[in-house]
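Here's the structure, in structure tokens; my notes come after.
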There are 2 protein chains.
Amino acid sequence: MTSRKPVSIVEEPSLEEAVRTIEQSLSMNKMLIIVGECSVDYMGRASSKLKLGERFVIIKEDGSILVHRPKNYSPVNWHPAESHFEVQILKDKLLIKAFHRRFREVLKVFFRSVYLILVLDIVDKGEFTLYASEEDMQKAVLAHPEIIEKGFVPISYEKKVEPGFIDIYGIDSSNRLVVIEIKKKTAGRAAVLQLAKYLETIRGNSSRKVRGIIAAPALAKGVQQLLLTLDIEYKSLHPKKCAEILGQKNKTTLLDKYIP
Amino acid sequence: MTSRKPVSIVEEPSLEEAVRTIEQSLSMNKMLIIVGECSVDYMGRASSKLKLGERFVIIKEDGSILVHRPKNYSPVNWHPAESHFEVQILKDKLLIKAFHRRFREVLKVFFRSVYLILVLDIVDKGEFTLYASEEDMQKAVLAHPEIIEKGFVPISYEKKVEPGFIDIYGIDSSNRLVVIEIKKKTAGRAAVLQLAKYLETIRGNSSRKVRGIIAAPALAKGVQQLLLTLDIEYKSLHPKKCAEILGQKNKTTLLDKYIP
DNA sequence: TGCTAAATCTCGAAC
DNA sequence: GTTCGAGGTTTAGCA
């Protein structure tokens, strides 16, 4: 048994060698980075021509292709995933054709010379979280309760209540109990009904007035009426804003410290 | 004198070697592709965390940085141009910090191991034209003269006249001579004065009324007055529209032919 | 599947 | 430097 080789390098291949390498890698679903001198034609939703120059082309295992120049964040030409490829020699040039069926597009890269081909067999299962997770939103509220409302003071979080765990509970400026359910995305009926169950349990155990608040970036359609019926409030709370708030202590230490 | 080496490869460097290579390349304003096992933290307009995995990082000479996973067209993390970089070893990891001053952002890439570093010293002066080139615009006008005006009939193109070549000339519906100068981008004073010279030559050789038309997507500011003075007209002509006109015959032959 | 709206939008040009 | 507008925008959420 051979161990996986994450990086294979083909230096200064002839165009024929390059064709073989590229075809083989594509058939084995490996990623490619091809560096060389090329021109590019694109036609589809729009059309474009790029004259000869040195650049590199990335072909990913999901069938996306990108042509990158030495400048700019964005590729000069590309196809999103699901492209199909054809490689051939055509008049002393290596031609990579990428067809995108859904967009009815064709991208053609003509290599006059190939400096290097990288074949990457890399595995990436790393979890990616954007903005803030629901947990981070919770942290943001705990660290800065005023983002819910002035005078709110958290008492506990992840508190066990009959149907599950309450995200945050505390008291407001009038000493009323407040139960908060946090949602990262648009809050639907399910979220509201879950909070309603918590409230039912708590209201049954106490004679004090208990407020319920759904904190989410948005409210699903038709849920507004449900809130009125169940006597639950809605507070707009965006994960992005939470991230910024959490970051403020870091921002002074991180951003202001580091950015000249 | 040494000739430029477009591609340098550093395989399986130690983290210390990697730091040296990266710092050196950055200081010499060369492009970098770094393949390895890394995690990524981002904080700025939004924030994100990416756990350990195999991926590659591109750092371009304009200070843009991209972190690409094996899938997806778009990078998982990035900075647009104008980032500043710091490279260091931190707790058995290679840390690349990218600061973006304008956006007040920090991107941190922690490499646990580096498989390969590509240093690219590539030059790309190739012209990029989206939609249509000036030549295509000329073709579009020749194929469909009515996009200039109803009744216009081209007679010749690229005709030699004293200062250079006239893009297109022909006659209008009133049998007057028409000289057309085509520009792909906003027409400035230079373009108008060039056309004026052509007109001067032609008007000197003929007693007929000669019209001069600048065909371009836009007119630079202040040029309007110059047009009045020189008795030159302006016709809005967009390369995009020209491409669409030209593409009508190509779309069926190219796209339908190639895309399965 | 098609639309609507936001995006770490990017990017270039005008002010 | 900042703002404005277009883009093969892309991308995610909903009808």
Side-chain angles (χ1 to χ4, degrees), chain A residues 40-50 64-69 71-83 98-100 102-108 128-132 183-189 216-223 238-244 247 251 255 259, chain B residues 40-50 60 62-67 71-83 98-108 128-132 184-188 216-223 238-241 243-244 247 251 255:
Chain A
V40 186
D41 283 8
Y42 157 72
M43 202 178 148
R45 284 168 289 183
S47 63
S48 73
K49 275 169 201 267
L50 176 60
S64 49
I65 177 170
L66 308 97
V67 182
H68 269 281
R69 310 183 80 175
K71 296 193 186 212
N72 292 330
Y73 148 80
S74 53
V76 63
N77 280 112
W78 72 93
H79 270 3
E82 295 168 30
S83 260
F99 309 105
H100 203 287
R102 187 153 51 91
F103 291 146
R104 302 191 65 69
E105 299 195 303
V106 180
L107 181 62
K108 291 192 268 187
F128 177 69
T129 52
L130 182 60
Y131 297 135
K183 284 291 157 200
K184 196 174 63 178
K185 297 181 187 176
T186 303
R189 304 187 79 82
L219 214 51
K221 237 176 188 171
V223 176
H238 291 259
K240 180 173 174 176
K241 187 146 214 165
C242 291
E244 284 164 3
K251 245 180 192 156
L255 290 178
I259 295 180
Chain B
V40 186
D41 282 8
Y42 157 70
M43 202 180 142
R45 287 166 287 184
S47 65
S48 72
K49 276 170 198 267
L50 176 60
K60 293 194 185 184
D62 62 351
S64 49
I65 177 171
L66 307 95
V67 182
K71 296 193 189 212
N72 292 328
Y73 145 79
S74 54
V76 62
N77 281 112
W78 73 92
H79 270 6
E82 295 168 32
S83 259
F99 309 105
H100 202 287
R101 196 186 169 88
R102 189 153 49 92
F103 292 147
R104 301 191 66 70
E105 299 194 303
V106 179
L107 181 63
K108 291 191 268 185
F128 177 70
T129 53
L130 186 58
Y131 301 121
K184 196 177 60 182
K185 296 181 187 176
T186 303
L219 213 52
K221 236 179 185 170
V223 176
H238 291 261
K240 181 173 176 175
K241 187 147 213 164
E244 283 163 5
K251 251 181 188 150
L255 290 179

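Everything numeric in this text was worked out from a predicted model, so none of it was measured. Within every chain, numbering begins at 1; the chains are lettered A, B, ... in the order of the sequence lines, protein sequences first and strands thereafter. Just the heavy atoms: all of them, side chains too, but no hydrogens, waters or symmetry mates, feed the values below.
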Can you tell me how far [atom2] of [N] sits from [atom1] of [X], to the nearest Å?
X	N	atom1	atom2	answer
A:Y42	D:dT9	OH	P	8 Å
B:K241	D:dA6	NZ	P	16 Å
B:L219	C:dA13	CG	P	16 Å
A:K71	C:dG12	NZ	P	10 Å
A:F128	D:dT11	CZ	P	12 Å
B:R104	D:dG1	CZ	P	15 Å
A:L66	D:dG8	CG	C1'	13 Å
A:E82	D:dT11	CD	P	12 Å

Establish, with yes or no, whether the OP1 or OP2 oxygen of [N] is under 4.0 angstrom from a side-chain nitrogen or oxygen of [X].
X	N	value
A:S74	C:dC11	yes
A:N72	C:dG12	yes
B:K221	C:dC15	yes

Result for 5'-nearest mapping on DNA chain C, choosing between B:A220 and B:A81, is B:A81
Return the 5'-most residue of the pair A:R102, B:P75 with respect to DNA chain C, ranking by each residue's nearest nucleotide. A:R102
Distance (rounded to the nearest 0.5 Å) between [X] [atom1] and [Y] [atom2]:
X	Y	atom1	atom2	value
A:E105	A:N77	CD	CG	10.0 Å
A:L66	A:H79	CG	NE2	11.0 Å
A:L107	A:W78	CG	CH2	10.0 Å

Are [N] and [X] stacked, with the base six-membered ring and the side-chain ring centres under 5.5 Å apart and planes under 30°?
X	N	value
B:F103	C:dT8	no
A:Y73	C:dT10	no
A:W78	D:dG8	yes

Is there, by distance only and without an angle test, a donor paired with an acceptor across the side chain of B:N77 and the base of C:dT8 below 3.5 Å? yes
Looking only at atom C1', what distance separates C:dT8 and D:dC14, rounded to whole Å? 24 Å
Hey, is NZ on B:K60 packed in by over 12 heavy atoms from elsewhere, all under 6.0 Å? yes
Side chain of [X] only, heavy atoms from C-beta on: which candidate in [options] is closest?
X	options	value
A:H79	C:dT8, D:dG8, D:dT11	D:dG8
A:A46	D:dG8, C:dC15, C:dA13	D:dG8
B:R45	D:dG8, C:dC9, C:dC11	C:dC9
A:L130	C:dT8, C:dC11, D:dG8	C:dT8
A:E105	C:dC11, D:dG8, D:dG7	D:dG8

Would you name the heavy atoms of B:Y73 and A:P80 that are closest together and state the gap between them? CB-CA, 4.0 Å
State, with a plain yes or no, whether a side-chain heavy atom of A:P75 is found less than 4.5 Å away from one of A:V67. no
Looking at every strand, decide which applies to A:S48 at a 4.0 Å heavy-atom threshold: base, sugar-phosphate, or nothing. nothing
